[in-house]
Engineer: 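If you scroll down you'll find the structure; I have some questions about it.
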Amino acid sequence: MYRQAFPMVPTVLKEIKAALFQGFNSLNQLKHIHGRLLRSGLNQNNYLLNMLLISTFKFSSPNYAERIFYQTQAPNMFLWNTMIRGLVSKDRFDQAVEFFYSMREEGFLPNNFTFPFLLKACTRLLDMELGSKLHTLVVKGGFDYDVFVKTGLVCLYAKCGGVKDAEKVFDDIPEKNVVSWTAIISGYIEFGRFREAIDIMEMARAVFDEMPEKDIVSWSSMIQGYAANGLPRDALDLFYQMHRENLRPDCYAMVGVLSACARLGALDVGEWASRLMGMNDFFSNPVMGTALIDMYAKCGKIVSAWEVFLQMKKKDLVVWNAMMSGLSMGGHVGSAFSCFAALEKNGLRPDGNTFLSLLCGCSHAGLVAEGRRYFYSMNSIYSIYPTIEHYGCMVDLLGRAGLLDEAHSLIQNMPMKANTVVWGALLSGCRLHRDTQLAEHVLKQLIELEPWNSGNYVLLSNIYSANKKWADSEKIRALMNGKGIQKVPAYSWIELDGVVHEFLVGDTTHPMSDKIYAKLGELDKKLRAAGYVPITDFVLFDVEEEEKEYVLGYHSEKLALAFGLISTRPNDVIRITKNLRVCGDCHMAFKLISKITGREIIVRDTNRFHCFIDGSCSCNDYW
DNA sequence: CTAGGGTTAG
């Protein structure tokens, strides 16, 4: 049917404008309006087209947006900017940059609105070459004064340049605002991934304390930064402070605090924090759900983790991986295997992390054959190349099972250079199976890779002593002392009423120290009566000879346990977290203590969970 | 029409 376009324009224009202002409920509705625009001859009205484009990106249809754009005869700056912004918002960074080049070919110069989008694309692409060019263009175009543009540059340098460059741009911003302040904080935090985290967080904190105005983004960035950079207690402190200042956490702050709780094993805090939000937020947002699952799993409450997992509406691969990793750590390997099968049925493809969870689960359960099968299937079925972490898991698996030669030859044949994690895994195997000869070789590798780590020297010298090679033993001691090497202290902590109590070996600084030691004395009597003898044969344990028995009695996990026993009600479960692996002597003592006291004790070490109930442990003494 | 923030594994 032929329609005369012109006379209809005023009414159609009104309708289309109304529709555009109102927004659309579906992409089809949008396409319908686009059709009307085309038929009415208004399809070259850039103002209307721009509104249409923005809506199209809202519906996640960058391809359709492109079609609209290419039908436009004379796109103006607004349209170019909207396209670039839209593509960036859909993570199509390469395409955004291509659009930028076409734009310049068409004779348009980027303006102050173009640069922030472009800089973001550039940042995400980690393309510093393009970044430098953009910086030059910014200066040439005279957009140097613009806070928005400058903040984009701060982010660029922070992510793919260096903090120094980021600082230079930041200092130069004439009128800084919350966003630019937060950008430089994020820059420090980002940098913490490569450098000494503690210093970096101190720098970030200095800026945070100094900034004139903070908003939820600044708070959650700091919280997340603490959590991710090994300072989860500071993350909690800051979260509490934010709460005291009556700022409601949003999903980013929530993810940050849950991640901190997961690292600390602080279940009560985690549950309290999660209740500050509606449960639906966790079920509908995969990132939040993952954080909650991980928190529950790492705090040993796997049932709750599973419940969250079941209720989540959209489960992406990360959600599955977190669940599987939690199951593996908790010793529920069979469930992790089932998850793996279910994941594929749900149309997802496993990635490297999926296999790390599986291999870690096999390792804890001693399932050598299954582990080998998964490991070799990575390449042959899924075309995933094992990384050094996968090799580390395999060495761990084989080493625990006593297949030390196979583990060693795996290291020698792997396509990359072994790191300390891999050698460390083999060393654990040597320790478990009392192979001092191989351990000697491993320790030499470790000393080469980390000459600052005292433990390696102590162990090697112990081995020499055990083999009566006194001169060698003495040489190693001298070498170590000459370098002024210090030990990494082991510590354990326990959470009570939202407060984290920390203990070092032989710690006497806790306010209840007297009672704790009294309790330990009482326990020791009962233990010895029950037939416990301290294990002091520790050639392959990093314990100084003369202090062995003394130290064993006051290991950090024992102090935390004694404190837990006197500070909780008789039937409460005691949850302890340790920054290193739980020691063999403590493990034996804890089993007996769980029987003597009738308590359930859960210890999370760097590696796995140990649930002590009625005299036995969930790891079956295999860890 | 603009800039800053997140999860598993390390």
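Letters A, B, ... are given to chains in the order of the sequence lines, protein chains preceding strands, and every chain is numbered from 1. Only heavy atoms go into these numbers, but all of them, side chains included; no hydrogens, no water, no symmetry mates.
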Engineer: Looking for any heavy atom pair under 4.0 Å, which part of the strands does A:D250 touch: base, sugar-phosphate only, or nothing?
Structural biologist: base
Engineer: Base, sugar-phosphate, or nothing: which does A:N285 touch, judged by heavy atoms less than 4.0 Å apart?
Structural biologist: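 Result for A:N285 = base.
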Engineer: I need the residues from residues 148-156 of chain A with at least one non-hydrogen atom less than 4.0 Å from DNA chain B; give them sorted by number, or say none.
Structural biologist: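 Hits under 4.0 Å, by residue number: A:F148, A:T151, A:C155.
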Engineer: Aromatic rings A:Y240 and A:W272: how do their planes relate, parallel, tilted or perpendicular, breaks at 30° and 60°?
Structural biologist: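 The arrangement is tilted - the two ring planes meet at 30° to 60°.
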Engineer: A:F113 and A:N81: which non-hydrogen atoms are nearest, and at how many Å?
Structural biologist: CB-ND2, 3.6 Å
Engineer: Would you classify A:D294 as touching base, sugar-phosphate or nothing, given that sugar-phosphate means primed atoms plus P, OP1 and OP2, and contacts are heavy atoms under 4.0 Å?
Structural biologist: sugar-phosphate
Engineer: Report, as yes or no, whether the 6.0 Å neighbourhood of atom CD on A:E175 holds more than 12 heavy atoms from other residues, nucleotides or ligands.
Structural biologist: no
Engineer: What's the shortest heavy-atom distance between A:M277 and A:C251, and which atoms?
Structural biologist: CE-N, 3.8 Å
Engineer: Just checking A:F117: base, sugar-phosphate only, or nothing, at a heavy-atom cut-off of under 4.0 Å?
Structural biologist: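 It contacts sugar-phosphate atoms only.
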Engineer: Show the atom names and distances, to 0.1 Å, of all donor-acceptor pairs under 3.5 Å that link a side chain in residues 319-326 of chain A to residues at least two apart or in another chain.
Structural biologist:
| residue | atom | partner | partner atom | Å |
| --- | --- | --- | --- | --- |
| A:N321 | OD1 | A:T354 | OG1 | 2.8 |
| A:N321 | ND2 | A:D351 | OD1 | 3.1 |

Engineer: Parallel, tilted or perpendicular for A:F239 and A:H243, by the 30°/60° rule?
Structural biologist: parallel
Engineer: Along DNA chain B, 5' to 3', what are the outermost nucleotides having an atom less than 4.0 Å from a heavy atom of chain A?
Structural biologist: B:dC1 to B:dG10
Engineer: Is NZ or CZ of A:K90 both nearer than 6.0 Å to the six-membered ring centre of A:F57 and within 45° of the ring axis?
Structural biologist: no
Engineer: Determine the contact category for A:C251: base if any of its heavy atoms lies under 4.0 Å from a base atom, sugar-phosphate if only primed atoms, P, OP1 or OP2 are that close, otherwise nothing.
Structural biologist: base
Engineer: Using a 4.0 Å heavy-atom cut-off across all strands, classify A:V421 as base, sugar-phosphate, or nothing.
Structural biologist: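 The answer is nothing, as A:V421 stays clear of every strand by at least 4.0 Å.
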Engineer: Checking A:K214 against A:F208: charged group under 6.0 Å from the ring centre and within 45 degrees of the axis?
Structural biologist: yes
Engineer: Look at all strands and tell whether A:M254 reaches a base, only sugar-phosphate, or nothing, counting heavy atoms closer than 4.0 Å.
Structural biologist: nothing
Engineer: With no hydrogens and no angle check, is any side-chain donor or acceptor of A:S363 less than 3.5 Å from a backbone partner on A:L359?
Structural biologist: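 Not confirmed, A:S363 side chain does not pair with A:L359 backbone.
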Engineer: Touch check for A:K176, heavy atoms < 4.0 angstrom, all strands: base, sugar-phosphate only, or nothing?
Structural biologist: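 Contact class for A:K176: none.
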Engineer: Give one of base, sugar-phosphate or nothing for A:N177, where a contact means two heavy atoms less than 4.0 Å apart.
Structural biologist: base
Engineer: Mind checking A:S357 for me? I need base, sugar-phosphate or nothing, with any heavy atom below 4.0 Å counting as a touch.
Structural biologist: nothing
